[in-house]
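Notes to accompany the following structure.
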Amino acid sequence: MPEPTVAVLAADYFASYSVVGLLALIGVMFVAVAFGAGRLLRPVAPTPEKLLTYECGVDPVGEGWAHTQVRYYVYAFLYVIFAVDSIFLFPWATVFAAPGYGGTTLVEMFIFLGFLAVGLLYAWKKGVLAWT
């Protein structure tokens, strides 16, 4: 049986990507048709109230700057710490049970928990964990 030529191998390679390209083209066309249909079918009746900046159900009155509490950043920080922790612990427990990975994964987990402990210590020092 003769060896396949470079041209045949390249054609097979690009044929597999043609399916991906076709699906991407169909996706782009679907979005374009949906937006075009929405533009053709929607009613156009601009009024001053409709053209007013609107956010969260509150009419814009006064300055554009609002003061926010920095503590919400710290709450988000704590959430990320515990969310990442819980997401990482389940696969780790699965790999830890596999033969040959016990010591390595145990060391990795203690390093990871050390980073989480530093984040938790930071939050504790900032007084975020004390409910007032």
Side-chain angles (χ1 to χ4, degrees):
M1 179 170 245
E3 289 280 324
T5 63
V6 173
V8 171
L9 291 174
D12 289 342
Y13 177 77
F14 289 117
S16 62
Y17 279 105
S18 65
V19 174
V20 174
L22 181 64
L23 285 175
L25 181 66
I26 290 172
V28 167
M29 291 302 297
F30 180 76
V31 171
V33 167
F35 276 112
R39 185 176 201 117
L40 291 174
L41 296 174
R42 72 176 178 224
V44 179
T47 62
E49 289 82 17
K50 288 182 181 179
L51 297 176
L52 191 65
T53 303
Y54 178 81
E55 184 175 345
C56 300
V58 178
D59 291 330
V61 177
E63 297 180 17
W65 291 95
H67 297 285
T68 57
Q69 296 286 336
V70 176
R71 68 175 179 236
Y72 295 125
Y73 165 76
V74 181
Y75 291 143
F77 180 66
L78 283 174
Y79 172 76
V80 168
I81 288 173
F82 291 113
V84 169
D85 183 27
S86 63
I87 289 172
F88 190 67
L89 282 176
F90 290 113
W92 172 79
T94 305
V95 171
F96 184 70
Y101 290 103
T104 305
T105 54
L106 188 63
V107 169
E108 289 174 353
M109 181 48 65
F110 278 120
I111 291 171
F112 178 73
L113 290 176
F115 283 121
L116 290 177
V118 167
L120 190 59
L121 182 65
Y122 169 78
W124 179 60
K125 288 287 188 181
K126 288 290 186 178
V128 176
L129 301 178
W131 293 99
T132 57

(request) With rounding to the nearest 0.5 Å, note down the distance linking OG in Ser18 to CG in Leu25. (result) 12.0 Å
(request) Show the numbers, then the answer: is there a side-chain contact (heavy atoms from CB on, under 4.5 Å) between Leu116 and Leu113? (result) CA-CA 5 Å; Leu116 290 177; Leu113 290 176; 4.1 Å; yes
(message) Applying a strict under-4.5 Å side-chain criterion to I, L, V, M, F, W and Y, I'd like to know whether Leu120 and Val118 cluster together.
(response) no
(message) Quick check for you: to the nearest 0.5 Å, what is the distance between Phe110 atom CZ and Phe115 atom CZ?
(response) 15.0 Å
